[in-house]
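Take a look at the structure set out below.
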Amino acid sequence: MTIYFYKAWQPYGCFSNFSFHGIHLQGVYWPTVEHYYQAQKFVGSTDAVIIPFIHAAPTPEEAAALGRCSTRQLRRDWDLVKIQVMREAVLKKFLTHADIREVLLRTGDEMLVENSPIDYFWGCGANKTGQNHLGKILISVREEIRKLLSLTVIHEEFN
Ligand SMILES: Nc1nc(O)c(N)c(N[C@@H]2O[C@H](COP(=O)(O)O)[C@@H](O)[C@H]2O)n1
């Protein structure tokens, strides 16, 4: 059974990048994955001055609005790095927070889909034909955490 998620207050809302599960990355604490992701769009760009404002945004919605402003200059390699940027942040989120890590692991091998009606890249879009990159990242993070946990068990058994 496919598991759909979207808004942070809906079922499986902890899979949303807008959920308030903070992460430490590159020596900085970010209140949500969305804050981090939106800020990374401007690293090294002429509009990098926006980064502290994204970081300080009171909500992920406000961070996203700042990052989505179409007149600002994105970093040149953004399309090349954005999936890796997102994966690193999502992995950190689920390594940091044990409660939501359990929720993720308990989804077993189910397909995970960001049910965004507007986003055909990170989500499945209105007609379910989108690329669902966020769902795919969550599935690969789930697999990576399982491998890390099994290595920990092996390590404990032999020490
Ligand atoms: N508008 C909106 N509201 C939410 O609650 C969402 N979860 C999303 N999806 C997320 O938006 C991010 C993509 O942003 P860009 O379009 O690349 O600026 C990404 O985190 C999606 O998962 N959108």
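Every heavy atom of this structure was used, including side-chain atoms; hydrogens, water molecules and symmetry mates were not. As the structure lists them, so they are numbered: ligands from 1, and atoms in each ligand from 1.
Residues satisfying the side-chain contact (heavy atoms from CB on, under 4.5 Å) criterion with P31, sequence neighbours excluded, are F20, H35.
Remark: E144 does not engage K147 in a salt bridge, criterion side-chain N to carboxylate O under 4.0 Å.
In this structure, Y29 places its OH atom where more than 12 heavy-atom neighbours from other residues, nucleotides or ligands lie under 6.0 Å away.
Listed by chain and number, residues touching ligand 1 at under 4.0 Å (heavy atoms only) are Y6, K7, S16, N17, F18, E34, Y37, Q38, K41, R68, M86, E114, D119, W122, L134.
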Let me check something: any side-chain donor-acceptor pairs from residues 5-16 under 3.5 Å, sequence neighbours excluded? List them with distances.
from : atom 1 : to  : atom 2 : distance (Å)
Q10  : OE1    : K7  : N      : 3.1
S16  : OG     : Y6  : O      : 3.4
S16  : OG     : F18 : N      : 2.9

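Cation-pi geometry between K93 and Y36 is not met at under 6.0 angstrom from the ring centre and within 45 degrees of the axis.
Under the side-chain hydrogen bond (donor to acceptor under 3.5 Å, both in side chains) criterion, the residue pairs touching residues 51-67 are T59-E62, with sequence neighbours excluded.
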